[in-house]
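Data block below; observations after.
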Number of protein chains: 2
Amino acid sequence: MASRAKATILDIAREAGVSKSTVSLVLQGSGLIRPETANRVRKAIEDVGYVYNRGAANLRKAHSNVIGMVINDLTNPFFAELAVGMERVFQSAGIVPFIANTAENPVRQEEVLKSLMEQDVAGLIVSPARGTRPDAFRRLETAGIPVVFAMRRLPESRIPVIAPDNHRGAYLATRHLIAKGHRRLAFLGGSSDLVVYHERLGGFREACEAEGIGPDETAIVEGETSRRGGMACLDAVLALPQPPTGALCFNDAVAFGAMLALRKQGLEPGRDFAVVGFDDVVEAEHYIPALTSVAVDTPGLGERAAHVVLKMIQSRTTRAEDHIGAVNLVVRESCGPNRSHETRIHSPGGAA
Amino acid sequence: MASRAKATILDIAREAGVSKSTVSLVLQGSGLIRPETANRVRKAIEDVGYVYNRGAANLRKAHSNVIGMVINDLTNPFFAELAVGMERVFQSAGIVPFIANTAENPVRQEEVLKSLMEQDVAGLIVSPARGTRPDAFRRLETAGIPVVFAMRRLPESRIPVIAPDNHRGAYLATRHLIAKGHRRLAFLGGSSDLVVYHERLGGFREACEAEGIGPDETAIVEGETSRRGGMACLDAVLALPQPPTGALCFNDAVAFGAMLALRKQGLEPGRDFAVVGFDDVVEAEHYIPALTSVAVDTPGLGERAAHVVLKMIQSRTTRAEDHIGAVNLVVRESCGPNRSHETRIHSPGGAA
DNA sequence: CTGAAAGCGCTTACAG
DNA sequence: CTGAAAGCGCTTACAG
């Protein structure tokens with residue numbers, strides 16, 4: 001069986017009594033080889049314990065089939081769900097994507113990008129880290145490597161993006177809060193160096209203004225996009241002279257934190273204070289109280305992003321249409337009691 | 001600046017007026033090159049927009065520097081934490097590891113492993129998927145590629161494993177339940193095709209027997225290691241003629257599900273029924289009631305695993321010592337009220 | 001300190 | 001249908 005030194009196509013050729021070109025051809029599934037010959041070669045491949053050397057092949061072919069997914073925070077289940085959606089389509093395309101985590105660190109992101117380029121990636125899906133410099137992707141662009149942004153984008157970039165309709169989601173959520181009778185509203189968490197932040201805050205503002213509620217600027221407080229950040233933001237806003245009675249949170253993690261902080265203050269979320277999240281992670285449904293949140297179909301966006309890079313690679317282009325995914329407001333219990341167990345408020349959505 | 005076609009060391013050599021060997025040497029940081037020459041080369045590298053072709057280098061050097069992390073379920077925050085621990089050490093070693101997700105699917109795992117081998121990985125950390133065949137790693141072994149198992153292991157394998165002391169953790173948790181006065185105990189979730197399952201169940205049994213409580217076999221119910229699985233298990237056990245009054249759960253996800261199911265039945269976890277989890281994910285602390293769980297220091301085990309592969313690669317061996325990490329029982333509220341907010345019961349732990 | 005030459009494991013025209 | 005030859009972009013002795 002397997003010999004100690006790595007077997008090459010030359011070993012196979014010797015074993016099967018053919019030339020190495022023939023071996024290469026059967027390796028590539030060419031129809032040019034006579035079936036008996038092909039079978040003999042395949043048997044030899046087994047016998048020598050051959051492992052295809054993709055690096056050598058790529059070197060010769062001058063292109064690889066490796067696709068990278070660069071994720072800003074793998075511990076956030078939201079991004080893990082995104083990754084899973086992408087993997088689904090890559091798997092059926094017979095591709096094994098490599099995931100790399102930047103842990104929200106632009107320096108690490110640069111290392112990751114560099115390594116991926118050296119590895120000669122064919123294409124990339126990236127959810128850029130916070131504070132990514134505008135020119136962080138220039139090398140990739142000049143090299144002509146297809147890149148698509150998922151969920152997050154850079155301020156001025158020609159790289160295509162796949163993301164939910166953040167503005168619309170925030171708008172729907174805010175109107176819901178207002179329809180529940182709230183007049184003093186907060187916007188909690190997130191930071192202004194993220195484009196998403198401005199999109200979501202924009203939807204919040206628009207809804208407030210449409211209802212004649214000038215949003216209280218002091219109740220718009222930035223913070224970490226985590227439970228801890230949510231706790232801090234809620235405390236800040238409750239200390240205001242005229243505290244709000246409800247809040248739209250930048251994402252679900254912030255919302256969970258806000259609810260925790262409410263309890264610590266002896267307030268019951270849903271009854272004494274309304275909170276809405278964003279993203280609708282799996283946990284939202286199981287929380288107590290169940291969290292009303294904006295659902296963005298994370299795995300679906302992941303699939304979409306994967307299809308887009310695949311197409312870009314195939315057509316050797318570096319450009320593609322943006323895709324803005326539809327969103328739903330999923331009404332549960334965190335804004336007070338409801339008639340039914342769960343209600344969905346759909347947005348028309350659509351592509352931009 | 002950057003030209004369209006990829007620049008090679010030959011372009012650099014031309015630009016700098018040296019030979020390509022010289023370029024290669026400065027690329028590798030060799031001290032053999034005169035500083036002025038090196039600087040001229042470095043400038044040329046910038047000017048031509050050069051990207052190192054690691055594939056070509058690996059081909060020539062006959063070894064790569066890519067390390068793979070094969071994770072069985074990236075959506076489980078527990079494994080994401082593990083990944084983060086490993087990345088920490090790889091980052092400081094200047095390595096960008098590639099993460100691949102098998103989604104608990106042995107077939108996908110095979111594809112992933114194959115792809116990684118073709119990519120000529122230098123080493124691998126893997127948390128094997130459920131139902132992995134005993135010979136799934138034979139190719140890797142005969143190729144002499146270092147592999148270490150993290151968190152999970154295969155029944156009969158010589159591959160080194162880094163894992164927590166599952167037996168001890170379950171033992172501590174069970175004794176705690178008994179000390180709280182419980183006599184009828186359940187063991188919920190997990191499946192017997194996982195080695196960990198037997199380790200944890202073994203600790204549970206030993207504690208029961210030590211206290212003269214023959215564990216009720218009908219209260220040991222396998223199930224999905226998820227919230228949903230936990231709900232089903234708890235319902236099953238409550239329907240028993242002599243239902244238990246407390247349960248050790250296979251992991252925290254199962255415990256969260258069990259608590260949910262209790263509430264649905266009008267029972268309050270911690271007051272009417274005691275539940276203990278395993279792994280102590282971040283969420284455990286924030287749950288209501290806060291979950292008593294066995295802490296295993298997930299990122300720490302990740303770091304350890306990373307150090308071990310690194311060492312194995314360096315010393316060109318395929319063998320290493322197993323490492324069994326110490327565990328603590330973190331007592332919170334899910335087994336009833338406590339004096340202090342949180343208590344830790346330490347195990348001596350140690351390496352095996 | 002630097003250059004010319006061979007070779008890593010493949011694929012791809014090109015002959016036959 | 002199959003073989004001989006060149007070449008992908010590097011590194012590594014080997015001379016000088």
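We use all heavy atoms of the structure for the numbers below, so side chains are in, but hydrogens, waters and symmetry mates are not. Chain identifiers are assigned alphabetically (A, B, ...) following the order of the sequence lines, protein sequences preceding nucleic acid strands; residue numbering begins at 1 within each chain.
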To the nearest 0.5 Å, what is the distance between [atom1] ([X]) and [atom2] ([Y])?
X: Asn76(B); Y: Glu81(B); atom1: CG; atom2: CD; answer: 9.0 Å
X: Gln109(B); Y: Leu116(B); atom1: CD; atom2: CG; answer: 11.0 Å
X: Phe78(B); Y: Ile71(B); atom1: CZ; atom2: CD1; answer: 10.0 Å
X: Ile162(A); Y: Arg304(A); atom1: CD1; atom2: CZ; answer: 6.5 Å

Notebook entry, point to check: Do you know which of Leu154(A), Val147(A), Ile159(A) makes side chain to side chain contact (heavy atoms under 4.5 Å, CB included) with Val126(A)?
Noted result: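 Of the listed residues Leu154(A), Val147(A), Ile159(A), the side chain to side chain contact (heavy atoms under 4.5 Å, CB included) partner of Val126(A) is Val147(A).
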Checklist line | Among Thr102(B), Asn105(B), Asn101(B), the one residue meeting side chain to side chain contact (heavy atoms under 4.5 Å, CB included) with Asn72(B) | finding: Thr102(B)
Checklist line | Paired stretches of DNA chain D - 3 or more consecutive Watson-Crick or G-U pairs, each distance under 3.5 Å | finding: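 Result, WC/G-U stems under 3.5 Å: C:1-3 with D:14-16, C:5-12 with D:5-12, C:14-16 with D:1-3.
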Next item on the list: Report the C-alpha separation of Ser21(A) and Ser24(A) in whole Å, then their side-chain angles, then the decisive distance to 0.1 Å, and conclude whether the side chain to side chain donor-acceptor pair (under 3.5 Å) test is met.
Entry: CA-CA 5 Å; Ser21(A) 318; Ser24(A) 179; over 6 Å; no
Check: How is Ala62(A) classified with respect to the nucleic acid when contacts are heavy atoms under 4.0 Å: base, sugar-phosphate, or nothing?
Finding: nothing
Check: What nucleic acid atoms does Thr8(B) come within less than 4.0 Å of, heavy atoms only: base, sugar-phosphate, or nothing?
Finding: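 Sugar-phosphate only.
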Check: Hey, is Glu46(A) close enough to Arg42(A) for a salt bridge, meaning N to O under 4.0 Å?
Finding: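 Looking at Arg42(A) together with Glu46(A), the answer is no, because their closest N to O distance does not fall below 4.0 Å.
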Note to self: Atom CD of residue position Glu111(B) - does it have more than 12 heavy atoms of other residues, nucleotides or ligands inside 6.0 Å?
What the structure shows: yes
Note to self: So if I take residues 22-34 of chain A and measure heavy-atom distances to DNA chain C, which residues fall below 4.0 Å?
What the structure shows: Ser24(A), Gln28(A)
Checklist line | 5' to 3' contact window, DNA chain D with chain B (heavy-atom distance under 4.0 Å) | finding: dG9(D) to dT12(D)
Next item on the list: Take Gly55(A) and His63(A), find for each the nucleotide of DNA chain C with the closest heavy atom, and name the residue whose nucleotide sits nearer the 5' end.
Entry: Gly55(A)
Notebook entry, point to check: On DNA chain C, nearest-nucleotide positions of Tyr52(A) versus Ala56(B): which is more 5'?
Noted result: Ala56(B)
Next item on the list: Kindly assign one of parallel, tilted or perpendicular to the pair Phe137(A) and Phe149(A), based on the angle between their ring planes and the thresholds 30° and 60°.
Entry: perpendicular
